[in-house]
Number of protein chains: 2
Amino acid sequence: MRTRERDIFRKYLERRGLKLTTERQAVFDELFARHEHVEADEILVRLRGKGKKISRATIYRTLELLVDSGIVGRVRIGEIGYRYERLRAGEHHDHLICNECGRVIEFFEPRIESLQDDVCERYGFLPLSHSHQMRGICRQCRPRTSVVEAVASAERAKAGRRPHLVH
Amino acid sequence: MRTRERDIFRKYLERRGLKLTTERQAVFDELFARHEHVEADEILVRLRGKGKKISRATIYRTLELLVDSGIVGRVRIGEIGYRYERLRAGEHHDHLICNECGRVIEFFEPRIESLQDDVCERYGFLPLSHSHQMRGICRQCRPRTSVVEAVASAERAKAGRRPHLVH
DNA sequence: CTGCAACTGAGACTGAGTCGCAATCGCATG
DNA sequence: CATGCGATTGCGACTCAGTCTCAGTTGCAG
Ligand SMILES: [Mn+2]
Ligand SMILES: [Mn+2]
Ligand SMILES: [Zn+2]
Ligand SMILES: [Zn+2]
């Protein structure tokens with residue numbers, strides 16, 4: 001399984017004169033085992049839990065390679081740090097993030113993508129990448145959290161760790 | 001000047017039983033003096049440069065209040081840390097960020113905003129905030145950096161600090 | 001004037017991510 | 001098999017934005 005992306009990775013390493021070591025294999029396998037948004041240290045504990053011996057530095061170094069090769073995405077989901085996710089070649093998506101349960105919903109809206117290009121053209125800007133995410137309350141959490149309560153919740157949170165309400 | 005936002009801030013503090021101290025005034029003034037995307041430590045050195053005595057902790061604490069009050073925005077422009085910008089009440093914008101010169105261009109595209117709501121509705125998601133930014137090469141940097149060179153540049157950068165090409 | 005909660009500065013602390021380096025590996029060559 | 005050599009790894013030190021603690025200060029209400 002995942003031979004498609006494994007090939008891309010192997011070729012990427014080859015082209016750079018790098019080696020497909022067992023450590024790099026292990027990180028790859030862990031990331032491509034299932035689709036999720038996982039942080040670097042989580043990968044570390046999982047691999048260690050499986051009895052594999054690997055260091056934190058190697059995890060980070062390998063993630064960098066995977067991201068550069070284009071088959072892994074690095075996204076800011078929470079306030080701090082990055083999460084990594086496998087990508088299917090040629091596909092793209094953006095994220096909805098629930099402030100209550102942390103759930104991550106992926107979406108793709110071609111009309112938004114196309115309007116982005118319009119905007120860039122308007123400014124003579126050559127787009128190379130973008131990140132677009134919305135934060136709020138997901139379907140599962142909505143019944144429990146009405147609109148007014150959501151605002152109140154944000155209000156309350158100001159005492160402790162407030163959800164990242166940029167803009 | 002900026003009495004509109006200053007009033008909002010004052011009322012915000014009042015409602016919470018907090019005080020409008022000289023330190024908080026100073027941070028407010030520095031932020032609202034001109035429109036830009038500035039980091040916390042930059043505010044510190046500027047205020048110190050003006051002979052004001054203020055601590056880093058107070059800067060951060062005040063910025064948190066300003067963001068909570070809704071008159072200041074906190075954005076991730078670079079790879080690390082946040083930048084702060086004054087906001088005009090009721091207005092909103094997103095960002096284009098140049099990978100070459102760091103310039104930040106603000107844009108607002110109502111059709112994107114509206115499509116965002118469509119997407120959220122599709123998933124039963126209640127949107128509370130969003131962040132949307134595109135990275136690439138700005139008009140000023142484009143003549144010097146052709147499309148192919150931009151890719152090559154990204155390629156080259158993989159050795160050193162690569163530009164944040166998420167997705 | 002007094003009391004008390006809000007504030008502040010200084011510096012210790014946290015935690016994600018990076019870096020330097022010595023030991024090791026994988027492989028090609030003779 | 002021995003040698004050479006760049007790539008790789010683990011370890012731990014390090015960085016740096018941001019947070020926290022705490023003791024001393026301020027400012028207002030009673
Ligand atoms: Mn995703
Ligand atoms: Mn802006
Ligand atoms: Zn949820
Ligand atoms: Zn530029």
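Each chain gets a letter, A, B and so on, in the order its sequence line appears, and its residues count up from 1. Nothing here was measured: the structure is a model prediction, and the numbers come from that model.
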Grab the [atom1]-[atom2] distance between [X] and [N] for me, whole Å please.
X	N	atom1	atom2	value
A:Ile59	D:dG10	CD1	C1'	12 Å
A:Ile54	D:dC11	CD1	P	11 Å
B:Lys52	C:dC7	NZ	C1'	17 Å
A:Glu64	C:dT18	CD	P	7 Å
B:Glu39	D:dA17	CD	C1'	10 Å
B:Tyr82	C:dA16	OH	P	14 Å
B:Glu42	D:dG18	CD	C1'	17 Å
B:Leu47	C:dG9	CG	C1'	15 Å

Short side-chain to backbone donor-acceptor contact, [X] and [Y], under 3.5 Å:
X	Y	result
B:Arg24	B:Lys19	yes
A:Arg86	A:Phe32	yes
A:Thr62	A:Thr58	yes
B:Arg56	B:Asp41	no

request  = Could you summarise the pairing of DNA chain D as dot-bracket text, marking Watson-Crick and G-U pairs under 3.5 Å with ( ) or [ ] inside the strand and | across strands?
outcome  = ||||||||||||||||||||||||||||||
message = When you measure only distances, ignoring hydrogens and angles, does the side chain of A:Arg56 come within 3.5 Å of the base of D:dG12 through a donor and an acceptor?
response = no
inquiry  = Quiz question: going by heavy-atom distance under 3.5 Å, is there a donor-acceptor pair between the base of C:dG17 and the side chain of A:Arg61?
reply    = no
message = Just to be sure I understand the rule, does B:Glu23 reach a base, reach only the sugar-phosphate, or reach nothing, if contact means heavy atoms closer than 4.0 Å?
response = sugar-phosphate
To the side chain of [X], which of [options] is closest?
X	options	value
B:Ala57	C:dG17, D:dG10, D:dC20	D:dC20
B:Arg48	C:dA10, C:dT8, C:dA16	C:dA10
A:Ser55	D:dA17, D:dG10, C:dG9	D:dG10
B:Lys53	C:dG9, D:dT9, D:dG10	C:dG9
A:Lys19	D:dC20, D:dG6, C:dC7	D:dG6

ask   = Do any side-chain nitrogens or oxygens of A:Thr21 fall under 4.0 Å of OP1 or OP2 in C:dC25?
value = no
ask   = Of A:Thr22 and B:Tyr60, whose nearest nucleotide on DNA chain D comes first from the 5' end?
value = A:Thr22
message = Is a donor from one side chain sitting under 3.5 angstrom from an acceptor on the other, for A:His132 and A:Glu109?
response = no
message = Less than 3.5 Å apart, any donor N or O on the side chain of B:Glu106 or B:His37 sitting next to an acceptor on the other?
response = yes
Charged N-O contact under 4.0 Å between B:Asp29 and B:Arg6 = yes
request  = Answer yes or no: is there an ion pair linking A:Glu91 with A:Arg4, defined by an N-O contact shorter than 4.0 Å?
outcome  = no
